[in-house]
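In what follows, a single structure is set out as structure tokens and then discussed.
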Amino acid sequence: MSGIIRVGVKVMPREVILDTQGRAVEHLLKQKQMHVSHCRVGRFVELEFATESEKAALEQAKVIAETVLHNPLIETFELIPMTNGR
Amino acid sequence: MSGIIRVGVKVMPREVILDTQGRAVEHLLKQKQMHVSHCRVGRFVELEFATESEKAALEQAKVIAETVLHNPLIETFELIPMTNGR
Amino acid sequence: MSRSVGVIRFPGTNCDRDVFEAVQMAGLKAEWLWHLDRFEAKKYRALVLPGGFSFGDYLRAGALAARSPVMDSVREAAKSGTPVLGICNGFQILCESHLLPGALVKNESLRFQDEWVDLTVVNAHKAFGSNLKSGASLKLPIAHGEGRFYASEAELKRLWDSGQVWLTYKHNPNGSLQNIAGVMSDDKNVVALMPHPERAMKAWMGSEDGQIIFKTLESIL
Amino acid sequence: MSLTIEQKLKHYRMSKAEYDRACELVGHPLREIEWPLFSALWSEHCSYKSSKIHLRKFYNKNARVLEAEGENAGVVDLGEGERVAFKMESHNHPSFIEPYQGAATGVGGILRDIFTMGARPIALADYLCFGEPKAPRMEYLVNGVVRGIGGYGNCVGVPTVTGQTNFHSSYNNNILVNAMAVGLFRPNDKVALSKAKGPGNLVVYVGAKTGKDGVHGASMASESFDSDSEKKKPNVQIGDPYFEKLLIESCLEVIQKDLVVAIQDMGAAGLTSSSFEMASKGQVGMEMHLDKVPLRDSSITPEEILLSESQERMLMVVEPAKFAAIQDVFAHWGLDAAVVGHILPERIVRLLWQGEVLIEIDPDILVEHPPKYERAFNPWSWKNRKADQPVADQKNETRWGTPDQASRRFITRQYDQRVGLKTVQDCEFPVALIKLPDSGRGLGIAVGCRPEIMRIDAKLGGYDSIAYPALQMACQGIQALAITDCLNFGNPEKPEIMSEFVASVEAISEMAKALDAPVVSGNVSFYNETLGQNITSTPATGLVGLRSNIEHLKASTFQAEGEQVYLVSLNLIHLHHAWGTDPSQPAQWSGTWDTAKVVKFIEQTRKLAALSKVSSLRAVSSPGVATSLLKMSLAGIGVGQESIHASEKQPNGLYQIIVSGTDLSETLPTIFVGSSVSITEIGQTRKDKACESQKLTYEKAWGKHFENLA
Ligand SMILES: Nc1ncnc2c1ncn2[C@@H]1O[C@H](COP(=O)(O)OP(=O)(O)O)[C@@H](O)[C@H]1O
Ligand SMILES: [Mg+2]
């Protein structure tokens, strides 16, 4: 069986930048008496690589995240290895 | 100092047919010769609670995720404690 | 005094004034309802949830509006038999409120689409366009980014079998499953469509086919 | 660490002379906190220092004009109690950096200019210039800009009803994104102004909280791009159309309830420009406590608060007794209103931070006394003009193969064109037509400026940027009433650029006057220059016009078989190889410009449009008769391929129309009496199978250039 490695890429709005979605969700949650103090909304991308090497997968994921999945002017990203992903 | 606890909520589409964005990204990556075997695109919501108790925060996050952040017909969610902040 | 049609506005609803005007063009009285209001169902002949971008369409279109206080009253009204119409974002809100089956996800194009579409009436609704015949055609405009109707296969079959499919597209613009453009609830009190009938009330708008949707509310007193 | 004056001048993008002038006006060497104020308000973008002396020449008044220069937008009286506010603005630099947000915030900004006056925005138009499709990032830019305009306009609920899209290599590194907004005052609606009044009145901040968005943005927009701009990761401004929608409803409500004394949006240079301008215009002073400004980011400094370009914010002057009522309205819409200061009788703006006075300054110094530059320019001499005789020497090629002539459906389909229930003619039509709800009349909207003509001759292009859209309007029976502009030019410090600027401003003004359609608002965008390359000088224009009803409109495609089709050409200016189809041939023109003759032709065309025997009417567009015939055939009725080929032999007149109808042979000469025109019978309309395939080619042409945007 050939291996499959999953890597998650979490893309969030840069801290200094206005998060319009987060603002609207936070507002509604507060109105509904759900006690959050802050809320931010971003994206989560799951990438699957046909490889045995987690290192190789992470490297490729990094390139993809940097060049395709995130807009560096307004977003930051983080790689999340998903060993036990479903 | 009063505590702040962050909980991430990852929301993903249930089925391939619902994941138009995932398919589009996959297509784009293939075009760019970046070899992923599969790609899914979902959302990531970071919630911040003014509490000391991780348990309380997770419980509240669960309620919010269940009732607001995801639509069970088309999405699944997962809570991700974010102990070490962002 | 005849009852008015309640037009429900959420922050970000932007077809509210258009629907209000269309109801008036059809010779009926319209009245505003705000997202924080609770109301008595029997005061209204019918309720309409107009299109737009309630709460910015953030998260999922309609998701945040569906959790507004006014929706509790809409739910009660629907249960008591008041006809409820959702247009575009109103459709999304009704699905997110589980008052209608299915969900509306991003268009297959992943883009907003503004265009005229031809529709087929599959089953006429008992209040909105009640005198349309099955098989009749309508020309209405769409304007949405998340209008692709989705339901599980079993659910789709059930919708067809129980006569809950209201409208279908003749040429599928957005990837909707089985070309579905409009559906009804189990009890058929709640109905919704992605196209905008209020934008097709006069020949100069490009079509008058939207009139019938509102006009037939006259027969409800 | 303290910087030297030289370092500060560089950082704040001021010249030594400007610095000296500032010091002299304030009476002391500039203090730390004064630098950013002068930098922002004396920037080209805010002060119009290179253009002001020329903009004064604009024909800008007639009996219809209620507000022109000085306010956020021009206001024109349409009669019957209906008035419109409209304006056009550029967001070129931000859109090149981040196309989605740049374009979106451009739309948001121009909408605020409109509703801050109390007018409800009813229509948007966009004027876009992109580089060659294969230029680096171009597909990404096109995609992002179009999505951004749609994303904002659709959500905020204002239809985008017309626009123009151009492509040329001169925009490869500097695209143009200009947006126009039109707002309506119904018969009893009030016009709000930005003049602060009434010592003791409150200064109230409403809308989004202030963050570090676009700090120093105003000075950035006045600077040429350099290759360094990738590195300076700017704090991109993020637009929130949902928030803007709430702001529109609440602001219109407080204005119509007469709860505000003055109101102004926070645009470029944010709180600084709005507060100083409101005080200066009202000839009063203002005390403002910066620590009371609602903040999104607690680490923000007073300087950043002053310059922040966070979107969706407004500043109002309110009588204390009305503040509670104001709060109620904003609370209803889920927004906060915060008192940040009050009006002073003496003409001084005093800014405080935690009780400490940071600055006290006469607002006029910053608003009224920036330097004014008379940049060097040369008197205009016609360019690329050949022997003064009309010759038919250009084959009138069609250009389906270039992006210029590809269908714009990819763009327009992403715009909601109908929200508001007023759209009679949408983006499918050469000009937009909006139904005015109270009088039932039609409001026409068109944008203009053909960069191809600007590249041949900037004065000719200037005239044309008014004449051509006015002619397009005339074909729909619409009379042009008033004009806005967005003058996109390169570096004004270069005399050849400044000469083009002056020539086209003069031409626009002359044409405006001849049509009695004053220029009531506008915007100048200089320094559209990257690595020494300037863009095509592009004075984009926006016209509004009026039609007495919305009935009996002439189609812009052929409708019925068996009609005669004529070409009517004004014998005045002819173009030669203007469209670059044959790169070996220089683009030239011949003839003698005559404003009066052009105006007369436009008027006669409008008369023609009123005749019931005319069924289709269209102004010939770039690049000529054959292409226009093909466009008129898109509904399935054409003139036959032989007639199209024959039309390719027609000379390329600058102003030509194609008309179809019945019994026109004797009518046309009587309509165009006194004008020197050539009337040529092109053929007869008929069902044509070829129309179908041509339509497909037209629609598919876009995808050939933008593979991923089909
Ligand atoms: N960026 C745009 N936004 C909105 N409408 C546009 C845009 N670009 C072009 N259009 C519309 O598309 C139509 C076709 O444009 P164009 O190819 O320039 O044809 P024409 O030369 O006949 O004006 C125009 O009527 C215009 O209204
Ligand atoms: Mg055009």
Distance check, rounded to the nearest 0.5 Å: [X] atom [atom1] versus [Y] atom [atom2]?
{"X": "B:L47", "Y": "A:R40", "atom1": "CG", "atom2": "CZ", "answer": "11.5 Å"}
{"X": "A:M82", "Y": "B:E78", "atom1": "CE", "atom2": "CD", "answer": "6.5 Å"}
{"X": "B:R6", "Y": "A:H38", "atom1": "CZ", "atom2": "NE2", "answer": "8.0 Å"}

At a 4.5 Å cut-off on heavy atoms, which part of B:V68 comes close to chain A: side chain, backbone, both, or neither? side chain
For chain A, find its close neighbours in residues 15-27 of chain B: heavy-atom separation under 4.5 Å, sorted by number, or none. B:V25
Between A:H35 and B:Q60, the two heavy atoms sitting closest are O-OE1, 3.5 Å
Could you tell me which non-hydrogen atom of B:S37 sits nearest to which non-hydrogen atom of A:A50, and how far apart they are? OG-N, 3.9 Å
Which pairs pass ring-ring contact (aromatic ring centres under 6.0 Å, His included) with one or both residues in residues 39-74 of chain A, sequence neighbours excluded? A:F44-B:F44, A:H70-A:F77
B:K62: what forms a salt bridge (charged side-chain N to carboxylate O under 4.0 Å, His left out) with it, not counting sequence neighbours? B:E66
Taking side chain to side chain donor-acceptor pair (under 3.5 Å) as the test, write out the residues that go with A:Q33, two or more places apart. none
Check: A:T67 and B:K32 side chains under 4.5 Å, non-hydrogen atoms: no
Counting heavy-atom pairs under 4.5 Å with chain A, the top scorer among B:V11, B:L29, B:V9, B:L28 is B:L29
